[in-house]
Amino acid sequence: YTVGANLAQYIWQIPAAMTAVVLSRGANAADADAYTKKVLVLFRLTIIVGVLGAGAIALAGPILIPLVYGESFAPSAQVLAAMLPGVTAFTVFKVLNLDLSARGRPGPAMAMAIPALALNFALGALWIPKFGAVGAGWASSVTYLAAALLYLALYCRALKLSPVTALRYSKADFEFLKSRLPAPIAKRMPL
């Protein structure tokens, strides 16, 4: 379980890389609404990068786990596959929480944590005895997904945003991404 879980959670390195910059800028932002718009762009782009990263990890996991850890750890690839959807979805919390944390508003994160913990406990009690480590992976994945959806709803309610607005991609999102890429790569992007 630990090998699969640790590998799945590498997806969280994407929002973790943004944490210091985003949080410090948010705490010092003169225009909180403009800052929120930037966080939402990062949020939407993180979803794309997270899904692509999860796909790559899912494909590489069954090959790399036995090579790196030995054949006895090959079943960890099943745990990895079980956890990737939820871990990827949980980047919603990892990114959006930066905005509310910078505003000094921890309430939605705390409101999300208690039901998530209860759900994880209940699903673990059901699935671990039957399915072992893979059941624990599924329980974690479902919990992360439910927590991400709940946090998105709480975040939108706290900032009086529509979830559709938060999730809607725009050309500006990709222009933002293009502006941060090295020039040779950016020139090849069709925008």
(request) Give the C-alpha distance, both sets of side-chain angles, the deciding distance and a yes or no for side chain to side chain contact (heavy atoms under 4.5 Å, CB included) between Leu123 and Trp138. (result) CA-CA 8 Å; Leu123 292 176; Trp138 289 338; over 6 Å; no

(request) Answer yes if Leu159 and Leu149 sit in the same cluster of Ile, Leu, Val, Met, Phe, Trp and Tyr residues linked by side chain heavy atoms under 4.5 Å apart, and no otherwise. (result) no

(message) Using side-chain heavy atoms (C-beta onward) and a distance below 4.5 Å, is Leu152 in contact with Leu167?
(response) yes

(message) Test side chain to side chain contact (heavy atoms under 4.5 Å, CB included) on Val95 and Tyr155; report intermediate values, then the result.
(response) CA-CA 11 Å; Val95 174; Tyr155 173 85; over 6 Å; no

(message) Counting C-beta onward and ignoring hydrogens, is there a side-chain heavy-atom pair between Leu80 and Val3 closer than 4.5 Å?
(response) no

(message) For Val51, run the side-chain contact (heavy atoms from CB on, under 4.5 Å) check against Thr91, Thr88, Leu84 and tell me which one passes.
(response) Thr88

(request) Keeping to residues at least two apart or across chains, list the salt bridge (Lys or Arg N to Asp or Glu O under 4.0 Å) pairs with something in residues 41-68. (result) Arg44-Asp173

(message) So, taking the atom named OH in Tyr69 and the one named CG in Leu64, what distance separates them when rounded to the nearest 0.5 Å?
(response) 10.0 Å

(request) Apply side chain to side chain contact (heavy atoms under 4.5 Å, CB included) to Leu96 and Leu40, showing your working. (result) CA-CA 7 Å; Leu96 296 181; Leu40 289 173; 3.8 Å; yes

(request) Work out which heavy atom in Ala116 is nearest to a heavy atom in Ala147; give both atom names and the distance. (result) CB-CB, 3.9 Å

(request) Quick one: closest heavy-atom pair of Ala109 and Asn97, and the distance? (result) CB-OD1, 3.7 Å

(request) For the residue pair Thr46 and Lys94, establish whether any side-chain heavy-atom pair is separated by less than 4.5 Å. (result) no

(request) Quick one: closest heavy-atom pair of Leu154 and Met112, and the distance? (result) CD1-N, 4.1 Å

(request) State, to 0.1 Å, how close Leu150 and Pro115 come at their nearest heavy-atom pair, and which atoms those are. (result) CD2-CG, 4.1 Å

(request) Please check if the side chain of Ser140 supplies one atom and the backbone of Met83 the other of a donor-acceptor pair under 3.5 Å. (result) no

(request) For residues Ala139 and Gly124, report the shortest heavy-atom separation together with the two atoms involved. (result) CB-N, 3.8 Å

(request) Working to the nearest 0.5 Å, report the span between OG1 of Thr2 and CZ of Phe73. (result) 9.0 Å

(message) Could you report the tightest heavy-atom contact between Pro66 and Ala74, atom names first, then the distance?
(response) CG-CB, 3.9 Å

(message) Tell me whether Phe121 shares a hydrophobic cluster with Trp127, the cluster being built from Ile, Leu, Val, Met, Phe, Trp, Tyr side chains joined at under 4.5 Å.
(response) no

(message) According to ring pair (Phe, Tyr, Trp, His ring centres under 6.0 Å), does anything in residues 101-120 pair up with another residue at least two apart or in another chain? List the pairs.
(response) none

(message) Count I, L, V, M, F, W, Y as connected when their side-chain heavy atoms are under 4.5 Å apart, and connections chain through other members. Are Leu145 and Ile128 then in the same cluster?
(response) no

(request) Kindly compute the distance separating CD1 (Ile65) from CD1 (Ile57), expressed to the nearest 0.5 Å. (result) 10.0 Å

(request) Any chance you could measure Lys37, atom NZ, to Thr165, atom OG1, to the nearest 0.5 Å? (result) 10.5 Å

(request) Nearest 0.5 Å please: distance from the CD1 atom of Ile114 over to the CG atom of Leu117. (result) 8.5 Å

(request) Determine, stepwise, if the pair Asp99 / Phe43 fulfils side chain to side chain contact (heavy atoms under 4.5 Å, CB included). (result) CA-CA 10 Å; Asp99 190 5; Phe43 156 67; over 6 Å; no

(message) Under the rule for ring-ring contact (aromatic ring centres under 6.0 Å, His included), what residues qualify as partners of Phe90, not counting sequence neighbours?
(response) Trp12, Phe93, Tyr144

(request) Indicate, with yes or no, if Tyr35 and Val41 share a hydrophobic cluster defined by side-chain heavy-atom contacts under 4.5 Å among Ile, Leu, Val, Met, Phe, Trp and Tyr. (result) yes

(message) Starting from Leu7, can I reach Leu67 by hopping between I/L/V/M/F/W/Y residues whose side chains sit under 4.5 Å apart?
(response) no

